[in-house]
Amino acid sequence: METPVLGFEARCPHNLFTTNSRPSSLPASTVSVRSLTTTTTTTTTVAKSPETVVVTQHPRTKPHSKSFLTRKSAISEIEQSPNFLSSLHRLARVLKVQDLNVILRDFGISGRWHDLIQLFDWMQQHGKVSDSSYSSCIKFVGAKSVSKALEIYQSIPDESTKTNVYICNSILSCLVKNGKLDSCIKLFDQMKRDGLKPDVVTYNTLLAGFIKVKNGFSKAMELVGELPHNGIKMDGVMYGTVLAICASNGRCEEAESFIQQMKDEGHSPNLYHYSSLLNSYSWKGDYKKADELMTEMKSVGLVPNKVMMTTLLKVYIKGGLFERSRELLSELESAGYAENEMPYCMLMDGLSKTGKLEEAMTIFDDMKVKGVKSDGYANSIMIAALCRSKRFEEAKQLARDSETTYEKCDLVMLNTMLCAYCRAGDMESVMRMMKKMDEQAVSPDYNTFHILIKYFIKEKLHLLAYQTLLDMHSKGHRLEEELCSSLIYHLSKIRSHSEAFSVYNMLRYSKRTICKELHEKILHTLIHGKLLKEAYVVVKDNAKVISQPTLKRFGKAFMVEGNINLVNDVLKVLHGSGHKIDQVQFEIAISRYISQPDKKELLLQLLQWMPGQGYVVDSSTRNHILKQSHLFGRQLIAEILSKHHIVSRTMVKSRSEPKFSRGQRSK
DNA sequence: TTAGGGTTAG
């Protein structure tokens, strides 16, 4: 009785109960869900495709088995029940795992997230899960919560299930879609170690993660390089992904060669493949190649769509072909492809960035006259354009208009307006924008901080600028040297030396190399602020790039007021850097030691160190030491000073030798 | 039986 149904199920490659998907190669009308799940009389009416031929080749004795119909109705009952769990309890006995999967997917598609989780829990508790339960569940759960999806993946008890390629692809895709590319790659490597045999879908999933990532191109190519090793051939989908990666990285030559490769392998590029290639030409504005591409595409019967035409416009604009751009824009208008502001925005931006502000403004006005729908991008572009031309009052006015016209602003718009207000010196509006960002819970980005700090410096609110920089740093944004340097300068001027030093340190430890003048600059600030211990740190790390006069100034300052316990270390560091220590510095250091006899050891160390490096005490210092030698041990002092004496004599001799050779002297 | 991609603006 059940055989025909099972036979049918076994032959049909797709789930009987699937309500959402069908074989992607088939048009919607051929094998509809309705036709498969109602009675056999309808199957004959749709017997047009190979699949339905299969059906008719195995005629059933009965329309559907009782069990089939029971399961079918149980599924819809649970799906439609306001309290699905109670229906589930009641009907559980008749349902197979694949039936539960159908319900699971139905919940996923209709966004019944909590029901989905509840159902899956129930399935796990009752041991009614299959590989496809995991892959579907992870897919739907992952769209809302990556951590929950990971939790489900980790909960898989069986190691071999954990490396099931469908399940792996599902969780990897979920990570990619949530921008967690690094964790995705890590997990992928782990999966491979655990026995995953990645397939074309796996690789494509990973590759998709590189599309909008900076420097994603080379990493993507590494992955592509792994394909032959795993016996995987690229398919049309993967070519699409790879071309998008090329396009978003401006790699037009590579894009061309991938297109060629796919053609050679018998794939026909579609509109998307060509669009990516076209987009790759926009980087350099290569309109010649773009035109050729359009011709080729049309010759194979593809009709450019709105996006493609807009991308072509982008190429023309980048290539500086403004007349042709205007013509193309008219074409877009007549084709009904310019009903929103995007093509206008591109043209306005291109014009203004090449100094054609007036022409950009004409487009802007035109757009308004034509009643083109705008979400505020056009305004934002013009505000930026006006700022670029230093027409701050007009920029400010337009920003005000935007604020009243458009309720919703994204971060870039907010930044543009903020910038206009800052440049126009409108403090009240600046504060209003900051408040707005706060209220809308928009977190400031690098640009926001940069704009504000520059503005606060201009308004001489240096400590506020400093606080903002701290905030910026704590949020993990990179700091720009020029801005930091300027802030260091201003903080020093208002005698906020330690704040200046903290800016220096933030920059120093977040950047591999910084301009050498900055070390010198901060050193002057620290000396001036008497932060000598900090100054010593700077010298210790950077003595080789600091000028001799500055080192001298530091040395002297430290000898006079630096921590006495560090005096010898400082002298050694200065000497070690190649700096010739001034006699005055020794004099000061030694007098300090003499005035503090408890530092006797340090004095002796210094005096013993000096001759070995070619330094000797001068006569007044020598006399000073001798007068107090009872404090330090007369005998020892006498011995050390005699060494100084010997060295000083050889020094005098060697200094005089090159100048007066024997021969010269005898003349 | 479950998994993948792709084009445009500031």
Side-chain angles (χ1 to χ4, degrees), chain A residues 9 12-18 21 24 96-99 101-102 104-105 108 129-140 142 161 164-174 176-177 198-212 234-248 269-280 282 304-315 317 332 337-338 340-350 352-353 374-385 409-417 447:
Chain A
E9 263 197 272
C12 181
H14 300 285
N15 194 301
L16 262 182
F17 306 102
T18 301
S21 64
S24 56
K96 299 183 176 180
V97 174
Q98 66 257 41
D99 304 333
N101 289 344
V102 170
L104 193 77
R105 282 190 283 277
V129 282
S130 64
D131 290 352
S132 50
S133 322
Y134 281 115
S135 58
S136 297
C137 186
I138 288 169
K139 170 179 155 181
F140 290 116
T161 307
N164 170 289
V165 71
Y166 288 94
I167 298 173
C168 291
N169 290 347
S170 191
I171 190 73
L172 291 172
S173 162
C174 150
V176 164
K177 283 180 181 149
D199 66 3
V200 66
V201 176
T202 319
Y203 276 99
N204 195 56
T205 304
L206 297 175
L207 282 170
F210 289 111
I211 292 173
K212 295 223 153 62
M234 291 176 71
D235 63 5
V237 173
M238 196 183 269
Y239 276 113
T241 310
V242 167
L243 283 164
I245 295 169
C246 291
S248 60
N270 64 20
L271 213 54
Y272 292 107
H273 296 112
Y274 280 117
S275 277
S276 287
L277 179 57
L278 182 63
N279 194 26
S280 78
S282 73
N305 62 6
K306 178 177 160 183
V307 173
M308 190 117 203
M309 301 275 278
T310 313
T311 309
L312 183 63
L313 179 67
K314 182 178 160 187
V315 180
I317 293 167
L332 284 162
Y337 290 165
N340 77 24
E341 59 185 331
M342 195 194 285
Y344 301 92
C345 285
M346 284 167 42
L347 185 51
M348 279 157 43
D349 192 51
S352 76
K353 280 181 178 159
S374 170
D375 293 321
Y377 284 82
N379 276 32
S380 184
I381 288 164
M382 287 314 295
I383 294 168
C409 294
D410 66 14
L411 184 56
V412 179
M413 290 178 190
L414 286 165
N415 281 346
T416 313
M417 290 191 273
N447 292 314

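Scope of the values below: all heavy atoms of this structure, side chains included, with no hydrogens, waters or symmetry mates.
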| Which nucleotide in B:dA9, B:dA3, B:dG10 has an atom nearest any side-chain atom of A:Asp410 | B:dG10

| task | For A:Val200, answer base if it contacts any base atom (sugar-phosphate contacts may also be present), sugar-phosphate if it contacts only those atoms, and nothing otherwise; contact means non-hydrogen atoms under 4.0 Å. | result | base

| said: According to side-chain hydrogen bond (donor to acceptor under 3.5 Å, both in side chains), who are the partners of A:Asn270, at least two apart in sequence or on a separate chain? | reply: A:His273

| remark: Closest to the side chain of A:Asn204, out of B:dG4, B:dT2, B:dG10, is B:dG4

| Which nucleotide sits closest to the side chain of A:Asn279: B:dG5, B:dT2, B:dT7? | B:dT7

| message | Nearest whole Å is fine: how far is B:dG6 P from A:His273 NE2? | response | 11 Å

| field | OP1 or OP2 of B:dT7 under 4.0 Å from side-chain N/O of A:Lys212 | value | yes

| message | From the set B:dA3, B:dG5, B:dT8, return the single nucleotide nearest to any side-chain atom of A:Asn169. | response | B:dA3

| request: To the nearest 0.5 angstrom, please state how far the CD1 atom of A:Ile245 sits from the CG atom of A:Leu207. | output: 5.0 Å

| field | Test side-chain contact (heavy atoms from CB on, under 4.5 Å) applied to A:Ser248 and A:Lys212, step by step | value | CA-CA 7 Å; A:Ser248 60; A:Lys212 295 223 153 62; 5.5 Å; no

| message | Suppose we screen for ring pair (Phe, Tyr, Trp, His ring centres under 6.0 Å). Which residues come up paired with A:Phe210, at least two apart in sequence or across chains? | response | none

| said: Any base atoms under 4.0 Å from A:Ser130, or only sugar-phosphate, or nothing? Heavy atoms, all strands. | reply: nothing

| message | Mind checking if A:Met348 touches a base, just sugar-phosphate, or nothing, with heavy atoms under 4.0 Å? | response | nothing

| task | Measure the distance from CD1 on A:Ile167 to P on B:dT2 and round it to the nearest whole Å. | result | 13 Å

| query | Given the rule in the side-chain hydrogen bond (donor to acceptor under 3.5 Å, both in side chains) test, do A:Thr202 and A:Asp199 qualify, once you have shown the distances and angles that lead to the verdict? | reply | CA-CA 5 Å; A:Thr202 319; A:Asp199 66 3; 2.8 Å; yes

| message | Ignoring hydrogens and geometry beyond distance, is the side chain of A:Ser132 in donor-acceptor contact with the base of B:dT2 at under 3.5 Å? | response | no

| Within the structure shown, what part of the strands sits under 4.0 Å from A:Asp349 by heavy-atom distance: base, sugar-phosphate, or nothing? | sugar-phosphate

| request: Tell me which nucleotide among B:dG6, B:dG4, B:dT8 gets nearest to the side chain of A:Met342. | output: B:dT8

| Euclidean distance, atom CD1 of residue A:Ile138 to atom P of B:dT1 [Å, nearest integer] | 19 Å

| note | note: A:Ile211, atom CD1; B:dG6, atom P; distance rounded to Å ~ 4 Å

| Rounded to whole angstrom units, what separation is found between the NZ atom of A:Lys139 and the P atom of B:dG5? | 9 Å

| message | Nearest to the A:Glu341 side chain among B:dT2, B:dA9, B:dG5, which nucleotide is it? | response | B:dA9

| request: Identify which nucleotide among B:dA9, B:dT7, B:dA3 has an atom closest to any side-chain atom of A:Thr311, counting heavy atoms from C-beta outward. | output: B:dT7

| query | May A:Tyr272 be described as stacking on the base of B:dT7, applying a 5.5 Å centroid limit and a 30° limit on plane angle? | reply | no

| task | Could you tell me whether A:Gly236 contacts a base, only the sugar-phosphate backbone, or nothing, with contacts defined as non-hydrogen atoms closer than 4.0 Å? | result | base

| field | Protein-nucleotide distance (A:Ile383, atom CD1; B:dG10, atom C1'), rounded to Å | value | 10 Å

| Given A:Ser276 and A:Asn279, is the side-chain hydrogen bond (donor to acceptor under 3.5 Å, both in side chains) satisfied, shown in steps? | CA-CA 5 Å; A:Ser276 287; A:Asn279 194 26; over 6 Å; no

| request: Look at all strands and tell whether A:Ala208 reaches a base, only sugar-phosphate, or nothing, counting heavy atoms closer than 4.0 Å. | output: sugar-phosphate

| said: Measuring from the side chain of A:Thr241 (C-beta onward, heavy atoms only), which nucleotide among B:dT8, B:dG4, B:dG5 has the closest atom? | reply: B:dG5

| query | Which part of the nucleic acid, if any, lies within reach of A:Ile381 when heavy atoms closer than 4.0 Å are counted: base, sugar-phosphate only, or nothing? | reply | sugar-phosphate

| request: Starting from the C-alpha separation in whole Å, work towards a yes-or-no answer on side-chain hydrogen bond (donor to acceptor under 3.5 Å, both in side chains) for A:Asn204 and A:Thr241. | output: CA-CA 7 Å; A:Asn204 195 56; A:Thr241 310; 2.7 Å; yes

| Could you give the CG-to-P distance, from A:Leu411 to B:dG10, as a whole number of Å? | 15 Å

| message | Can you tell me which nucleotide in B:dA3, B:dT8, B:dG5 comes closest to the side chain of A:Lys177? | response | B:dG5

| query | What's the closest nucleotide to the A:Asp235 side chain, out of B:dA3, B:dT8, B:dG4? | reply | B:dG4

| field | Rounded distance in Å - CG (A:Leu104) to P (B:dA3) | value | 11 Å

